[in-house]
Amino acid sequence: MLEYCVCPKCQRMIMLDNEFETGFCCCCGTHISYEEAREELLAGLRKSIPDEFVIEADLSELIDEDDASTDVYGLDECKAKREAAREFLGKWDFTGAFKAFSEALDWYPADFESRCGLMTAGLLRMKDTENWERYLTECTMQIRSQSDWSMASGALKYVLDIMKKFLSKGGRYVSPSYTIGFWEQVSKRFPELRQTAAEILAHCLNVEYAPFTDAARLDRETTRFAVGNCPIEPDKNMRRGMLAVIRFHCDKNVKERLCRALYVYDRAVWLRAKDETRINDAIMLCEEITSGQFPPENVKLVLNTIYDFLMMGALEQNSTEREKILFLSTVYSFQQMKKMERFFSGKLFYNKLYAEIYLKQKGSSLISAEYKRIQAKINELSV
C-alpha cells in the first residue's frame, strides 16, 4: 500500500510502498529506507503542532470516568482497545487509531470516549473525507445520552486546530465538496467552533475552485502533500459552500474575496464555454441569498459579485458595451434573463441585454407589450 513519506535528502513529499523496506525518491532519485522516509514525515507533522496539544491527555481528560468498576460485557476489552488507540494517536498513526477505536466500539458500542476518538481519528486520517459527516452524526447521536458535550466539543476543537496547522504548512485535502455537510453540522451543533469551521472551508474552497487567484496559486506552489479523493469532474455547484461561509464567517472581506474567487476571476472560461451548470449555480446563489435568511450586507455583497460575473462588469475595460451585449446575447437564454431580472432590474446594462435577447425570441416584436416595458425601464434608468 502506498503511503505518504518525505525524502530525507530533498525534503520533498513522495509516496512509497510500505511492503518494501526501501525505495527511490521520484524527485531526486535517492535510494532511501521506507521507515526513515516515513519517520521524516511524522516528525515534521509533530513539529507543526503546538506543544500544548497532547492527544493522549486530550481524549481522556475531557470527561469524567463513571462506573469504572461496573461489570459490563465487553467493557474491559473495549478499554484495552481504547488504550491501544491512544498510543496510535500519540504516534500520529491515525489509521491504526481508527482501527483500534472501531474494535473498541465493536466490544462496547456505548463507549462515549471511543466514539469521540473514532471521530477524531477518522477526521485526522483525512483520506476518506466523504465519510466525515457520518462520523460526526454517529458521535452526535452518542452525545445525546451524555450529561454534557465537552468531550466531543474538545475532540472537535483539537481536530480543527490540527487541520488549520496542516493547511498553514501547505497541506491540502480534496475535495471540499465532500465535506460541506460536515462543516454545516459542526456549525449547527457546535456554535463555538463556527468561525474555525468557516475559515477552513473558505480556504479549501478557494484553493480547489479558484485556481487563478493569487492565494490559490501560492498555495498550490507551496503545497507539500494532499490527502483525500479528487473527483474526476470538478464540482460546478459551489453555492452550498459559499452560503455556509457567508452564514458563519465573521470577516466581510474574506467572504467577498472568496465569492469573487469562485465566481468572477475565471469567468471568461465559463462564459466562452457557455457552462450552463455554473451559470445556473450563480443564479441560484442569488435566489438563495435573497430568501430572507441573510442580512442586507451579505445580500449586497453576493449580488454585486454575481452581477460582475454574469454581466462582465469591472474587469473587461477594453471591451465596449455593445461588444459585451453582442457576446452575452449568445450566452444566456431568455429564461435565464427572466430569472436575473429580480436581482438586476435596476441596472441599465442588464436591461439593454435583456432587450437584445428578448428580440431573438419567437413571436417577439418591437411593438409588443414586453418590449415596450423593457424600453420604458431603459429610458427610466438613462435619465
Side-chain angles (χ1 to χ4, degrees), residues 1-60 77-106 113-114 116-132 135 155 158-174 219-230:
M1 178 180 176
L2 293 176
E3 295 281 357
Y4 287 104
C5 301
V6 170
C7 174
K9 182 176 181 181
C10 68
Q11 293 296 305
R12 299 290 295 276
M13 184 60 58
I14 58 175
M15 297 190 75
L16 295 177
D17 194 328
N18 59 11
E19 294 182 3
F20 298 95
E21 294 183 359
T22 61
F24 290 90
C25 174
C26 61
C27 299
C28 66
T30 304
H31 187 224
I32 55 180
S33 162
Y34 166 80
E35 290 295 336
E36 184 180 354
R38 183 65 178 172
E39 181 56 34
E40 192 80 15
L41 167 68
L42 298 178
L45 282 173
R46 294 188 194 104
K47 290 179 182 178
S48 71
I49 305 302
D51 294 338
E52 61 264 26
F53 293 123
V54 181
I55 200 161
E56 294 90 342
D58 201 280
L59 293 181
S60 61
E77 291 84 352
C78 172
K79 288 182 178 179
K81 291 294 183 181
R82 193 173 65 196
E83 288 303 318
R86 287 180 187 165
E87 292 184 13
F88 282 122
L89 283 175
K91 298 175 182 178
W92 289 78
D93 184 352
F94 304 125
T95 300
F98 185 85
K99 181 179 179 181
F101 277 127
S102 298
E103 293 172 349
L105 288 168
D106 287 340
E113 187 173 349
S114 294
C116 290
L118 183 72
M119 177 187 66
T120 303
L123 267 59
L124 291 177
R125 188 170 58 169
M126 291 193 286
K127 292 182 180 180
D128 54 352
T129 51
E130 61 268 32
N131 292 320
W132 285 5
Y135 299 149
Y158 175 79
V159 171
L160 298 187
D161 285 337
I162 290 182
M163 287 184 64
K164 285 183 68 175
K165 201 72 175 179
F166 171 80
L167 295 169
S168 72
K169 295 294 182 180
R172 56 189 291 262
Y173 68 83
V174 292
D219 186 278
R220 287 182 182 274
E221 290 172 356
T222 59
T223 291
R224 298 184 64 201
F225 55 100
V227 294
N229 301 313
C230 185

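What you see below is based on every heavy atom in this structure, not just the backbone, and it leaves out hydrogens, waters and symmetry mates.
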request  = Go through the structure and list residues passing ring-ring contact (aromatic ring centres under 6.0 Å, His included) with Phe88, not counting sequence neighbours.
outcome  =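 ring-ring contact (aromatic ring centres under 6.0 Å, His included) check on Phe88 returns nothing, list empty.
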Value rounded to 0.5 Å, distance of [atom1] in [X] from [atom2] in [Y]:
X: Arg125; Y: Asp93; atom1: CZ; atom2: CG; value: 10.5 Å
X: Leu89; Y: Thr120; atom1: CG; atom2: OG1; value: 7.5 Å
X: Lys81; Y: Lys99; atom1: NZ; atom2: NZ; value: 8.0 Å
X: Glu39; Y: Tyr34; atom1: CD; atom2: OH; value: 11.0 Å
X: Glu21; Y: Ile32; atom1: CD; atom2: CD1; value: 13.5 Å

By side chain to side chain contact (heavy atoms under 4.5 Å, CB included) - contacts of [X] (at least two apart):
X: Thr22; result: His31
X: Ala85; result: Ala100, Phe101
X: Asn131; result: Asp128, Arg134, Tyr135

message = For Glu83, give me all partners under side-chain hydrogen bond (donor to acceptor under 3.5 Å, both in side chains), at least two apart in sequence or on another chain.
response = Arg86
Partner residues of Glu35 under the salt bridge (charged side-chain N to carboxylate O under 4.0 Å, His left out) criterion, sequence neighbours left out = none
ask   = What are the two closest non-hydrogen atoms of Leu16 and Ala37, and how far apart are they?
value = CD1-CB, 3.9 Å
Check against side chain to side chain contact (heavy atoms under 4.5 Å, CB included), Leu123 and Tyr158 = CA-CA 11 Å; Leu123 267 59; Tyr158 175 79; over 6 Å; no
inquiry  = Would Lys79 and Arg82 count as a side chain to side chain contact (heavy atoms under 4.5 Å, CB included) here? Give the steps.
reply    = CA-CA 5 Å; Lys79 288 182 178 179; Arg82 193 173 65 196; 3.7 Å; yes
